[in-house]
Structure formats: structure tokens, C-alpha cells
Amino acid sequence: MLKLDSLTKDFATRAVDQVSLEFAPGQVHALLGANGAGKSTLCKMIAGLILPTQGSMVLAGKKYSPDSKRQAQRAGVQIVQQELNVLETLTLAENLFLSNLPNRWGILSRRTMHRRACEILVDFGLGDLDPHAPASSLGVGQQQLLEIAANTWQPTQVLILDEPTAALSTRESQRLFEKIHFWKHQGVAILYISHRLAEVQTLADRISILRDGRLQGTWSRGELQECDIVAKMTNPAKSIAPISSILPASPAESSRQALRVEQLRLSPKVQNVSFSLRAGEILGVAGLVGSGRTELLRAIFGADRASGGSLQVGDKPACKPFRNPNEAVRAGLVMISEDRKADGLLLTESIAANIQLPMLDRPGLGRFALARTGQARRIAETYCQNLAIRCDSTDQSVGTLSGGNQQKVVLAKWLERDGTVFLMDEPTRGIDVAARQQVYEVIRNLAKAGKGILVVSSDLEELIGLCDSIGVMSNGRWTASFSGPNYEPQAILEAMFAGYSAPETSTPP
Amino acid sequence: MKDHAVSSNRAIQQTLATYGGLLVAILALLGFFGVFAKNFLTATTLLTMANSIPDITVVAVGMTLVLIAGGIDLSVGSVLALSACCLGWLMVDLKLPLWLASLGAIALGACCGGLNGWISAAFRIPAFIVTLGMLEIARGSAYWITDSNTKYVGSSLGWFSDPIAPLGVSVSFLIATAVVLAGQWLLHQTVLGRTAVAIGTNAESVRMAGIRTTAPMVTLYAICGGLCGLAGMMQSSRLSTVDPNSGVGMELSAIAACVIGGTSLRGGQGSVVRTFFGVLVISILQTGLAQLGATDPIKRIVTGGVIILSVLLDSLRKQSAIR
Amino acid sequence: MKDHAVSSNRAIQQTLATYGGLLVAILALLGFFGVFAKNFLTATTLLTMANSIPDITVVAVGMTLVLIAGGIDLSVGSVLALSACCLGWLMVDLKLPLWLASLGAIALGACCGGLNGWISAAFRIPAFIVTLGMLEIARGSAYWITDSNTKYVGSSLGWFSDPIAPLGVSVSFLIATAVVLAGQWLLHQTVLGRTAVAIGTNAESVRMAGIRTTAPMVTLYAICGGLCGLAGMMQSSRLSTVDPNSGVGMELSAIAACVIGGTSLRGGQGSVVRTFFGVLVISILQTGLAQLGATDPIKRIVTGGVIILSVLLDSLRKQSAIR
Amino acid sequence: QPNASNTSSPPASPDKPKIALVMKSLANEFFSTMAEGAKQHQSQNSQQYELVVNGIKDERDLARQAAIIDEMIAAKVQAIVVAPADSKALVPVLRRAKLAGLVVVNIDNKLDEEILNAESLSVPFVGPNNLLGAKSVGQHLANSLKPGDQVAVLEGIRTSFNATQRRLGFEQAMKDAGMQIVDSQSANWETNQANTIAASMLNAHPDLKAILAANDSMALGAMAAIKAANKTDAVQVVGFDNISAAQEAIRQGKMLATADQHGDQLAVYGIELALKLLQDPKSLPEDRETPVDLITAGSLPK
Ligand SMILES: Nc1ncnc2c1ncn2[C@@H]1O[C@H](COP(=O)(O)OP(=O)(O)OP(=O)(O)O)[C@@H](O)[C@H]1O
Ligand SMILES: Nc1ncnc2c1ncn2[C@@H]1O[C@H](COP(=O)(O)OP(=O)(O)OP(=O)(O)O)[C@@H](O)[C@H]1O
Ligand SMILES: [Mg+2]
Ligand SMILES: [Mg+2]
């Protein structure tokens, strides 16, 4: 159906190198590769978002060279991008139909729009949301679903999904897979990108692997084992142990308390949450999209003003929740936020400047002190090596990095700043399998060094593999706690739904 | 039944939340001047005020649309003057009939606006600088076609701004009100309006969604320019003169009205009706201070203070509402 | 050896890429006026020009800093006038020694600026509206302390703007140059400068990095205000008068200089040195047109056109460089 | 007509009329002096009338000045004394004031005869003759120049009637004395703009012997340009308005002459005329030309 012929894209370096591929209707074609391998760049070329430097494409027998997304859409190619493009001042319905607002003579048909929006939202498991609500009220997971819905409600021939599940938890992913099956049966050619190998294995009919912009080959389902895939992705070939096997060395023995949260409230999404975190402990937080995990972290960090409760950091006396992140950072907290584009990075600034950012307000550093950019550059270089950030130089602006590499910059920034308690919201979002191991290693080392670590992740497998204990948030409440290393996934899943099935009855501990 | 009452109650609450801060500011100003300025709270004064705001209202509506789409138009005052001068030229020198001349003036304004929009959108140049250039160009052209003279156009335009007998308000005022309502409608109920909000929120995302941004921007700027032309007509009819110097500094008053009304200069947020309230705040303040006979230094200090305060109060109110 | 040559070659290329477009524009203007205006390309004219730009240069540097941090300062002209008037009052009426009076004037400017920054940052009010309010307040205060009178301060300040014998340029000009260099250094080498760029790029990211944003913003606005005070001194010494009407409309020229120099109004991007080139473009244009004896309409139309063109060319150049 | 307005005025002060003085920009020293004079006169005659003074931000803001007059009508004043920012544009709104029964007196800047006729309106004028004033300044300058010398003119805002009158006055004086006007540009009444333009004039015309500025603010700018060019002895400056800074400069010999229109008295004359018309509506209003005096170093008190 869609044929790529030696497609090439040059930026400062070559991002995609002579890739020739063919996509067949009714098939899910997975595209794998390490961070910065060129997957998103390839997709953007197909979707008309950027122009290839060389090469050509043929769609359904006709030459296809879109120079805008609009043309690509007309030709029947749709893309759900890795980075979110939700417009937060518009309503959900308007976001859904943005490129094609239902209208008569330019006047909106609000009723039609509302009706169809309701149908689509229900279809994507967002049925409990009001189509008139502004998109700013959504969390990242919900925004991701909305973005998928907005780009797929129209019939298409080719559908590109660039890491659609990175911010989704099990329930939502499952629903997405159902939709994918449905589209498949309609004869849509689906190009699917993910770093979650398990889901690729079950979903994909064919698998292509990119490394450093070059195509390594295409295989059918079942031809490759997970370890083969990883070996083909990385250079030099690495073998990767499955997450489940990299268990925590031992539950931290320290009884020193790193963080204690009492009855924390952030209406309406966090209700009387209490827990404590020991130094050297990795505490995971599981939950469904919209369960309030992000809000919990933001309330602890002072990014949103909590409406009640108290915090205790280390052995200092309990205090009111922080009023702003500055107080939190001074008290020794750091937070890796979920939405790197909105509040994690300075996209137009260099890697070095981003890593240096939290260091600009250290106590004792005067306002007119020298910024020591040279030193910042050296530090950045170290992190680029340690975390395998793929870049041309540390002066490259972060916005031009691949998604996974951007996430690594966020990590590097906080590792450099350091603190006693790490709050991590989806720390591995978009990071490839190999680098993920490195990130786990880093987290584990932090724990060894006596930091308290709170990890929110939608990937249950990741939490089970990584954490000393796991708490579950459901509908804004802390519904259960489990301690490792032997978890019962079923019990955790049940706890994740608990808050919804029995509303207003289960009072928090 | 009960449901209905609840929902209407909620509607009232929502209206209060949206317009409350501004209404309080307006009432406070009216009350203050009512107490301290003789003859302020009289029908005559209020009608005089109503008949003197149509031009700035209409311009501010255009400005709101442009600001919401993430642009800015500094050339409004100059384009107003240029359209007015063109009107005078068409009417007096070419002796065209009124309707044709008016159409010409409004079209000229729309062209200037459209040009602003086209240059800034198609070449991705900050609107600030493009419209700053247009400010100079349009003003220069206005001097040029009038030879730097004000021109008397007589009373042929008078009906436009004379009070209508039983109502006391002028045709201009009615038109301005209609423009406000149309602007609000355009913003909320049309594809163009929603696209404007989207572009103002994040132009890059909109482009990523496969939507062309140039055409809507050109249209919005053209509307703004056309409204400046209309405002030029209103002003000329009120003064029976066309004046190449009219509208100097109007861009700042118009933007101030928008921002007092809560329109964000970063785009994506704003309301035409609230802009109208912003215009009211400014003009009540001006009229009140004039009736008090305040000295110029005091007028300016008070105006500045009230502008800051009104926005400050609104922001404090919103912050306390969030908590 | 060869390596060295290559790297210096690259440095030249980079400099050309950064400043090339502007330099071409400046040379083109100089060439044009050199051909068409009598006595334009003479040392006297160029020195006259150099000695007349210190005030706008200094203000534009302050504006650049504020714009880069995502703010804007519309009150520069008024604060300039207020500081100048305060200077006159301190010197003439209170008979303070020059250094004390100057210090007082600059401090007053810095206070006005700091207030701008504090209100807009601490209460999250758009800087546009806060500084618009300050524009009115400072102007009103300037009228108030001078009773709307221009005051002749004589030559006690004269040394400040008189050409130094062998050089031909004034102390003011040297100070302005120093301010440009210091501004560039501040922006690139200090914590404050880096923080400013970061805030202008994405204030939310900066806040979430645990960095206070209010204090740096207050500092930046205070610097801008203080520079306005300095500019006020320069202007007063050049004109031997303090004038409450000075600096009207200066905010637009200063912003124009910044934007011509490539500073983004959305914050996060800009360069002080390029702003200086922007000032040069504007002042060469003004001087050249005045020497040609162009009429007012032509002056304005040409100025507008050149402002748009210079930015347009730069943008086209960049776009072609990307492709 | 005046009766009607009296009955509708607040009964609290039926015999104490309220007069509105509507000025151009109060930011301009000339007009603020004028307002000061009027206020002083009122405080000396406080039992006779009440006074409201209003000005506009910027001399070009006609719409605002018209609106102020409307607002004054609404505020029920009995008389308006106005210094119009434009000689044409204010006529219609003043007609409205007349129709509302107000006494209207025109000061400083004479309303356009043609348009007054077109609107069939008569408004008494009290004010100086700017043309003659400028001419006398020019003549004084010519005394210290040789015929054929090069001079340049800094004009005010071109749309303003006074600016035109002063320019014509300068031109006539120069022509009569045989001087050569080599350059004439508008500096919009502003010191700083005048400075830039004067500096350019000096560069473009190295033989320039004098600059005639249509107001003192611009004259100050021109003086600074001359000083910067080191031509203090070679180039003379004259101005108009007699603001205090100009007096200082004339005393120091940096400026040759200026013209005094007695701004402080101008408004008072207007108010007196308005009071007369209020008391005796039947009396025939008459235009009154106020004096313009030449100010030189000799005529200034030391
Ligand atoms: N606009 C750009 N300018 C310069 N380099 C770019 C730009 N966009 C992408 N690149 C580079 O191209 C390479 C491929 O990026 P791409 O986003 O395609 O990677 P990816 O395979 O999607 O990785 P990830 O899994 O992390 O999303 C990266 O090295 C990136 O730095
Ligand atoms: N600014 C806001 N105002 C009101 N409600 C909000 C706001 N931000 C988020 N919410 C609500 O908070 C809920 C939780 O958001 P979010 O989806 O981020 O939770 P989460 O548990 O972190 O899930 P995930 O991280 O998987 O997205 C959502 O239902 C959303 O509607
Ligand atoms: Mg990618
Ligand atoms: Mg979350």
C-alpha cells in the first residue's frame, strides 16, 4: 500500500539513512530502534510534517510526496505524534475536530459536534469526560488518548502511531489494542512505534528495526526473540535481561525516614493521602490514568498548592505542604515531571543549559555570579556519555533531540542537582529498552546512596521489577500498599480499580 | 423544575464569575464619580459617554480578535486615520456618494489589516514589528493624501453620530454594540473564531494538526483593519472633519481595554464582551476625571493606578477562587 | 597552525551568520544616504550620529534584557522623563552636587522599574498592563514635579555629552558602548542572564526546577529602569534641559530596535549587541532622512517600510539558511 | 437661550456660573501657564464664577477634546472657553454647545471662518496673531544677519493652525530681509526630534547662520545641536512662546529672541469675555487681538 524508497533526512547529522520499506494494508508494522534511531523522523516524513532530503514514496500506486500534513491527510495518512499537541484552551470536542470542525457556512454546528464528540470519547474510554470541558483539565494520559482519538476518528488508509502507549496504563493500552485490531480488520496499514517489546510482540505482524537511521531488516511475527531485537537495536550489541529479573538487591534496611506524607489533600484529585518513604527505599505508585498520581506528586513538590495535610522531610519536624517548588527543592526534594514539553525542559535551549538550570539558584550563589557555562558543558558531556544521550554536541537545542533523549536530559538535570528525596513521574517515558536498564541502574544507585525514591509509572511490570514496595492510587485515594519483592499483579490491578467500584465508601486509612 | 432553577442559578454564578470583577470595578467608578462630580450620574452624561465610545469600542473588538490569535496590531490608530482621510478624499474631492466612499474607506482599512496579517503570517515575522511599520506607513500616507491638513466634510455624515431622538444614543453606538455582539459570536460560534483561539494557544500545534494558519490570520487582521476603517468613519462623523492626526496612541488604549478585560497578550484567551467592559472602565475614568476637572498630572497618575489596580484585583480574585 | 586558521575562519563565518544581515542593512543605508544626501558620509555627520544615540541605546539594552526574560517595559520613556525631571529638581532646586543628584535619578528609575517587575511577577499580571500603568504614573509624576515646565539646567551636565577633544565622541557614547558590552556579558555569563533566558523560554519549567522567578524579574526590570534613568541623564545633558515631555513614544522605538536586532517578543531569544545594530539602523535612517530634507509623510512611510524590510530580509535569509 | 440653560442648572448656585476652560495639552508649558493664570483669576473672583480646567494628553487628540466639550455640556457648565486643538474639527461640537445654550469663547487658535460660516455659527475670538508675532521675531533675527545668509526653519506639527501661522510669519520676515531659507522641516514641537533634525541640518548645510524654531522647546533642541557641532557663535536661534527655560537661555546669550503671547492673560481675557456675555447675552461679541511681545536679552529682567 505504502512504499518508501531510500528515504533520507539530514539534520546536522543524518537522522534517517536510505530507508526502503513497504507497508501492507491490514497489517500492524512495528518500527523499533533505540532513542534517536530516527523512527519519529521517518514517520514525520511520511506524514508530511517534514520534507525528506532524498527518496520518494508511493501510496496506493501513486507517487506520494506530501509537503504538509494537510496533503497527507487528504491522501489518507494520519499520524499520532510522540509529542502531545493538545490545545489546552479549546474544549475536548474542539480538539477532536480541530482540522475539520463541523460547520455550515463557517458557523459551528455545536450540537452535531457535541453529539459526535460524545460518541468518540466513549469509544476511546473517555466517556466520563464532558466534551465541553477545556482540555487544560486533562492529565497527560488523558491528553494522549484525546490526541489518538482526534487523529483516528476519520477513516484513513495509513495510520502512524508514535509511542501511543508511553503515557497509558494497562487498562487504556488494552482498549487501544482493541481499536488497533478493529482498524486492522478495516484494512488500515498501521505503523506502530513502541519501546515496550512485550506489546510489540503480541501486536505486530511485521517488525522493522532501525539503528542510527539505517534499516536493519524486516521480520515477521515470531521470527525474533526479545533479546534478538535488543541486539539488533543497539550498537555494540547488548543483551538485556528481562525487567523481572533485575530485582532490587535487597529491600533497604535503613529505617531512617526520608519523607512522610500525612493526610495530603489537593481537591478534587488527591484525597487524604498518607504514606511514608524510608531512605534507600524505592516506592512505586501504580494507578490508572487520571487516578491522581501526578497530582499527588505535584502537591508534595509544591507545584500545586495543597489544600491540607502535612509533610515531613528527613528527620525535620513535620511542616505544612510546600507553597512552591523552590521551597521543596531547598528542603531536598527533586521532581522529574511527567510533561517534559510543558514544564520539564527549555526546548529552545541547549542540553548544557537545561542540565545547568536547577543549579542557577543554589544558596550562596549571587545573582551576578558567573554562570560558568564551560563547566556546565563539561558536566553535560559526562551525562551524555553516561546516559547515552544521542546528540551532535551539548550545544544542540533540546527541542531537536528525539523524545527518549529529551527524557534523559530531564533525568540528567535532576541527577546533577541532587537531593534527598526523588519524585519521579513516569521517569522512563519514551526511553528505549537498553537505556531503560541504565536508568534502572541509576535509580537503584540513588537508593543505595540513601535517597528516598517515589516512582510513578503506568508500566506495572516496571514497578514490579524496580520497587521495594508499591502503593496504589485509585480515584484520588491511596487504596493499598504492597511490599516486594514478590508481588501479586492481580491484587495490584484490583486495587487500581477499587476506588472506582466503591465510590465514597472506602475511607482512606 | 428544580433542575432548571439549579442550572439557571449556575448560569448566573458563572456569569458573575466571568464578569463580576469588571462589573464591580465599573460600579465602583460610577459610584465614586457620582458622589464627587456634580451632574455625573445623569442621563446626559451617560449618554454623552455612550456616544463618545463607539470608535474605541470597535477598534478594541478588532484588537481582541487579533490578540486572541496571538497577534497584535499597533497600526490601528494610523489605519483609522488613513481610512478617515481616504473617506474625506473620496467624499469631498471625488464627490462619491456616501455609501461608496464609506465602503472604500472600510475596504482600505481591511486591506492594510490584511497586509499586516499576510506579511506576519506568511513570512513568520513578529506582528509587532510589521504593524509598527504599518503604523508609520499608514500615518505617512494619511498626511500625504490630506497634505497634513484636517479636512471639513460637513454634516453629510452627521446622522451617523447624532443621537437618535427618542433613544438618546447614536447610530454609531448601536453599530458598536452590534459589532461587540458579532465579535463575541464570531469568536465562539464560527470556525474562524475557534481557529483563532487555537492559533493563539499554540500556532505550532495547529500547524502540526494540518491546519493552514495564514488564511485565518489574514482574515482576522483584515477584520481588525476594516473595523478601524469603520471607527474612522465614526470619528469623522462625530467631528465632521477628517484628521490625519486622529487615533495617535489609540493602539495602547485599545490594548489596555483588552487586557483589562482579561485578554491575554500571549494569545488563546479573551472575550470580546469583557473587552467592551474594559473600554467602559477607561472611558468612565476619563469622563469622570474631566468632570472633576482634575489636573493633568493627577489624571495620568490616577489613570495609571486604576489600570493596574483593576487588573490586579481581577488576578487576586481569580487566585483566591482557585484555592 | 592550520587548525587555528580553520577555527578562526569558522568564528568569522559564525559572526557573519549572526550579524551579517544587519551589517548589510546598515551598509546599504549608509551607502544610499551617502549617495543622495549632501555631506552625509563625513566624520562630522557620523560623530553627530554617534553622540545622539547613547540615550536610546541604553534604553534599548534595558528593554532587550526585559524582553528576553519574556517581559516588556512600556514605561521606559516616561521613567526616563521622570528621572530626568528628578535630576533637574535635585540639581537646580535642592542644589545637590552632581554625583548625588545623578545617583538619585538613577535610583528613582531603578525603583520604578523594580516596582514594575515586582507587581507583574509576584501577582502574575501581564507586564504590558503594569508598565502601561507605570507609563501614565511616571509621566504624571514628571509633570507634577516640574509643574509641566521645561527646565534649563545649563552646562553643569554638559561634559557628559560634549565630544572629547581628540576622539570626537562623547562620554555618553563611551558609557553607552560599555553598557552594551556589559549587557551582553550579563546575558551570557552571569547567573542572572541565564536565568532571564530560561524564564523567557519557559517560565513554568523554571519554576518547576525550583528556581525563584520573582527576584530575577525584579532585578531585570530594575536594571532596565536604572538604565532609563541613565538615559535621562544623557538626554538632559545633551539638550541642557530637563523636559517632562521627553521620551514620549520611546518604548516603541526601543522595542523596534530590539526586534530589528532579532530579539523575540515571546522571550528567550535575543542579543544585546544585535539590539545595538538595530538602534544604528533606526538612527541612520532618521538622520539620513533629515539630511535629505524629506517631508514628514515621506519620512514616515520610508521609516515604516525599512523597519518591515529589514526584519523581512533577515527572516528570509534565515529560512533559506535552514533549507 | 441662556435662560433655558439657567433653569436647568443646579439651583444651589443659580447666580454663580460655571465656566469650563478646555485647553490643548496641559503637558505643554504654554498651556499650563495659561491654566495657572485662569485659576488665579478665579480664586480672586471666586464669588463670581466657578472654573473647571481640562486639557488633553497630546495636542493631536482632537477626538478627546471634542469628547471633553460634550462632557462639559453634560456637566451643565454655562460657558466654555476653548483653545481648539484644531481650527476645523471643533466647530461642530461647539455648535452643539451653542445649541445647548452655552456661551462659547474661542481663545489662542482661531476657528476656521469658512467652516464657522458653513455651520452658521459665530464665536468670538480672543487671541494673539501668531503670524505677526513670528514675523517680529524673524525681523529681529534678520537685524543680526546679512542678506543672503542661509537659515532653516523648524516647524511645529503641520496640521496645527498656529504652526502654519508661525511658519508663514518666519518666511515673510526672511523673505523681506532677503535671507535664504535652505531647509524647513517639522519637528512636531518636540525638543529631542528638533535636536536630531537640527543636527542634520547643520551637517547638510555647513553655512547655516540661523535656525528659526516655531516654539521654544524645539529651539532648545536646536541650541543643543549647535553646541554639539561647536557652532555656538556661528548659528543663531530664535523661538516662540517665552517659556522659562528659553528665558534662561536668552539671558545666557545662547538664544537670540522669542515671542511672548502672555499665556497667563490669554485665558483670563477669554473668561472675562465669557462672563460679560453671560451677564449680558444681548451684547455683541467682538474679536479681540491680544498682544505678542518680542523678548530679547534687553527686554528680560536680569
Ligand atoms: N529538528 C531537528 N534538528 C536537528 N536534529 C534533529 C531534529 N529532529 C531530530 N533530530 C535528530 O535526529 C535523530 C533522530 O531523531 P528521532 O526523533 O527520529 O528519534 P527516535 O527514533 O524517534 O527516538 P525516540 O525513541 O527517542 O523517540 C536524533 O539524533 C535527533 O537528535
Ligand atoms: N489543572 C487541572 N484542573 C482540574 N483538573 C485537573 C487538572 N489537571 C489534572 N486534572 C485532573 O486530574 C486528574 C488526574 O490527572 P492525570 O491523568 O495526570 O492523573 P495521573 O494519575 O497522573 O494519570 P497519568 O499520569 O497516567 O496521566 C484527571 O482526571 C484530570 O481531569
Ligand atoms: Mg521518537
Ligand atoms: Mg500522571
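What you see below is based on every heavy atom in this structure, not just the backbone, and it leaves out hydrogens, waters and symmetry mates. Naming convention: chains lettered A, B, ... in sequence-line order (proteins, then strands); numbering from 1 in each chain. This one's a predicted model, so the numbers in the text were calculated from it and none came from an experiment.
Aromatic ring centres of Y221(C) and W118(C) lie farther apart than the 6.0 Å criterion allows.
Taking 4.5 Å as the limit, every side-chain heavy atom of S65(A) sits out of range of all side-chain heavy atoms of S56(A).
Ranked by heavy-atom pairs shorter than 4.5 Å toward chain A, the options A203(C), A198(C), G210(C), G268(C) are led by G210(C).
Contact annotation for S337(A): only side-chain heavy atoms (C-beta onward) come within less than 4.5 Å of a heavy atom of chain C. Looking at L345(A), the atoms closer than 4.5 Å to chain C (heavy atoms on both sides) all sit in the backbone: N, CA, C or O. Of the two parts of A328(A), neither the backbone nor the side chain holds a non-hydrogen atom closer than 4.5 Å to a non-hydrogen atom of chain C. For V206(C), the parts lying near chain A are the backbone and the side chain together; criterion is any non-hydrogen pair under 4.5 Å.
Note on R207(C) versus E204(C): salt bridge recorded, some NZ/NE/NH1/NH2 to OD/OE distance being below 4.0 Å. By the 4.0 Å N-to-carboxylate-O rule, R298(A) lies too far from D425(A) to be salt-bridged with it.
Taking the ring centre of F322(A) as origin, the terminal cationic atom of K320(A) falls outside the region bounded by 6.0 Å and 45° from the ring axis.
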